[in-house]
Structure formats: C-alpha cells, structure tokens
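Only one structure is covered here, and it is reproduced in the block below.
Note that these values count all heavy atoms, side chains included, but never hydrogens, waters or copies made by symmetry. Keep in mind it's a predicted model, so treat the numbers as computed, not measured.
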Amino acid sequence: MSGPLRVLVACEYSGIVRDAFIRAGHYAMSCDLLPSESDLGDHYRGDVFDVLLDGWDLMVAHPPCTYLTNAANGSLYATSSSTGALVGPARWAALIEGATFFRALLNAPIPRIAIENPRMNGHAQKIVGRRRDQAIQPYQFGHMETKEVCLWLRGLPPLIAGEDVRAAMLQLPKSEYAKVHHTPPGADRSKERSRFFPGIADAMAQQWGGVMAAVGAA
C-alpha cells in the first residue's frame with residue numbers, strides 16, 4: 001500500500017484533520033451529522049456507519065465526549081440539574097450509548113485507527129475495554145494552549161511531539177492558555193470547546209501517513 005492513502009475522519013465538521021491529510025497528499029473524507037466548515041475536501045453528512053466499510057486505510061475519529069469524561073461523573077448520581085443536563089438514569093443511558101459507539105469505532109474493520117477524546121471516566125472505560133494509548137498537549141505541537149488530548153490507537157505508533165512551546169505559553173495569563181475552560185456560555189460553546197488543533201492534525205497526517213506509506217512499500 002504505497003502512495004496516497006484513503007482516510008476517513010469520523011465525527012468531524014471542521015475539516016481540520018481531513019484537510020491536513022489532503023495537504024499531505026492523501027485522499028481524505030470527513031463525516032459528521034453537521035455540514036463541513038471547509039470546502040477543501042469531501043464530506044459525508046450522515047451516519048458514519050453508512051460509509052465505514054468503504055475501503056479505508058486509516059480512520060481518525062472524534063466521537064462525542066459529553067457523557068464519557070471524568071467531568072460527567074457527578075451527574076451520574078445527581079437527582080436534578082439547574083441547567084437541564086441529563087442526570088441519574090438518563091445520564092447512565094447516555095454514557096452507555098456513547099461508550100458503545102466509541103467501542104464500535106475502535107473495533108471497526110479498518111487497518112489503522114486513532115480515536116481522540118478527553119480523559120475517560122472509569123465506567124465508560126470498562127465498556128470501551130481499554131485505556132488510552134497516549135495523552136498529549138497542544139503546546140507540544142506549537143499551540144499556546146493547554147488541553148489534554150487522549151488517543152486510543154490501533155495499528156499506529158504514538159505521535160512524536162513537535163515544537164514544544166510550553167515555556168512561552170506559561171508566560172500568558174491562565175485565561176488565555178487554558179481558554180477551553182474559560183469559554184463563555186453560548187449556543188456555540190460546545191463546538192468551540194471541542195475544536196481540534198491544526199498542529200496535532202498536521203502531525204497525524206505527516207507521521208501516520210508517512211508510516212503507513214513506508215509499511216506498504218516494504
């Protein structure tokens with residue numbers, strides 16, 4: 001399998017990872033229930049399982065994390081919510097559904113898979129079946145920001161950090177370098193908090209695209 005790869009980027013509306021693979025010379029298609037914000041490449045608007053078996057060499061997926069993170073634990077045992085968020089049995093059902101979806105993506109019949117999410121709570125982890133393989137920070141890839149990014153990998157090596165700007169980042173006010181935690185309330189808050197980092201996307205395209213091409217040519 002030398003030459004350009006066929007890459008599926010699941011649960012992505014921004015086009016950030018898809019476009020990084022395209023710029024690296026591969027064919028990449030994103031898939032999400034929302035329309036794509038970028039017109040550079042193909043985008044399937046619909047259920048990822050509609051296109052999961054279309055002969056992909058590699059998949060990068062960003063499944064919804066709302067009910068899978070450590071931050072969700074308290075709501076599992078709550079009896080009410082002032083914000084309208086799911087609590088109690090409804091929250092447990094959403095966690096099980098989300099973790100089952102995550103596991104289905106991780107076990108998809110695609111040779112190389114990377115799934116990105118924040119740190120996962122123990123209940124979801126039991127359903128998924130294993131811990132993350134790698135935890136990275138955007139400041140290791142040139143972004144003046146901190147936000148732990150966890151990767152579950154299958155058939156892929158861990159990413160190698162690039163330009164580490166942590167020292168310079170720490171000179172900024174915390175409200176700037178930890179801005180994901182300071183995103184103001186609003187209709188787009190969830191979208192903005194989940195937006196991926198172009199520096200990490202470029203590392204994925206360059207390192208994993210190159211690794212796979214080399215393996216195929218061997």
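- Tyr139 and Ile200 are members of different hydrophobic clusters when ILVMFWY side chains are connected at heavy-atom separations under 4.5 Å.
- For the pair Ile115 and Arg154, the minimum side-chain heavy-atom distance is 4.5 Å or more.
- The two atoms that bring Leu68 and Leu95 nearest to each other are CD2-O, 3.7 Å, heavy atoms only.
- Leu53 approaches Pro109 most closely through the heavy-atom pair CD2-CG, 3.4 Å.
- A side-chain contact (heavy atoms from CB on, under 4.5 Å) with Phe21 is found for exactly one of Val7, Asp202, Leu5, namely Val7.
- Taking the side chain as every heavy atom from C-beta outward, Leu52 and Ile110 approach each other to under 4.5 Å.
- Considering CD of Glu97 and OH of Tyr67, their distance stands at 9.0 Å, rounded to 0.5 Å.
- Relative ring orientation between His123 and Trp92 is described as perpendicular, the plane-to-plane angle rising above 60° on a 0-90° scale split at 30° and 60°.
- Taking 4.5 Å as the limit, some side-chain heavy atom of Trp208 sits within range of a side-chain heavy atom of Pro157.
- No more than 12 heavy atoms of other residues, nucleotides or ligands sit less than 6.0 Å from atom CD1 of Ile160.
- Other residues, nucleotides and ligands place more than 12 heavy atoms under 6.0 Å from the CD atom of Glu148.
- More than 12 heavy atoms of other residues, nucleotides or ligands lie within 6.0 Å of CG in Asp50, so this atom counts as buried by the packing criterion.
- Between Thr146 atom OG1 and Gln137 atom CD the span is 3.5 Å, to the nearest 0.5 Å.
- Remark: Leu153 CG to Leu159 CG distance equals 7.0 Å, nearest 0.5 Å.
- A distance of 9.0 Å separates OG in Ser14 from CG in Asp32, rounded to the nearest 0.5 Å.
- Cluster membership check: Met144 does not share its hydrophobic cluster with Val149, using side-chain heavy-atom separations under 4.5 Å among Ile, Leu, Val, Met, Phe, Trp and Tyr.
- In this structure, the separation between CD1 on Ile22 and CE on Met29 is 11.0 Å, given to the nearest 0.5 Å.
- Applying the 6.0 Å contact sphere to CZ of Arg166 captures no more than 12 heavy atoms from other residues, nucleotides or ligands.
- The two atoms that bring Ala10 and Val48 nearest to each other are CB-CG2, 3.7 Å, heavy atoms only.
- Listed for the Trp152 side chain is no donor-acceptor partner under 3.5 Å among the backbone atoms of Asn117.
- Tracing side-chain contacts under 4.5 Å through hydrophobic residues (I, L, V, M, F, W, Y), one never reaches Ile16 starting from Leu151; they form parts of separate clusters.
- In this structure, Cys65 SG and Asn121 CG are separated by 11.0 Å, a value rounded to the nearest 0.5 Å.
- At least one side-chain heavy atom of Phe101 sits under 4.5 Å from a side-chain heavy atom of Phe49.
- In this structure, Pro4 and Gly25 approach most closely via the heavy-atom pair CB-O, 3.4 Å.
- Considering all non-hydrogen atoms of both residues, Gly199 and His143 come closest at N-NE2, 2.8 Å.
- Counting all heavy atoms, side chain and backbone alike, Ala94 lies closest to Leu86 at CB-CD1, 3.9 Å.
- Transitive grouping of hydrophobic side chains (ILVMFWY, heavy atoms separated by less than 4.5 Å) keeps Tyr177 and Phe196 in distinct clusters.
- Considering Glu12, Arg18, His43 as possible partners of Ser38, the one that fulfils the side-chain hydrogen bond (donor to acceptor under 3.5 Å, both in side chains) test is Arg18.
- No salt bridge links Asp54 with Arg6; every basic N to acidic carboxylate O contact stays at or beyond 4.0 Å.
- Hydrophobic cluster membership differs between Met169 and Phe141, with clusters built from Ile, Leu, Val, Met, Phe, Trp and Tyr side chains linked at under 4.5 angstrom.
- Exactly one residue among Val128, Asn70, Thr69 makes a side-chain contact (heavy atoms from CB on, under 4.5 Å) with Met120. That residue is Val128.
- In this structure the side chain of Arg119 reaches within 4.5 angstrom of the side chain of Arg132, judged on heavy atoms.
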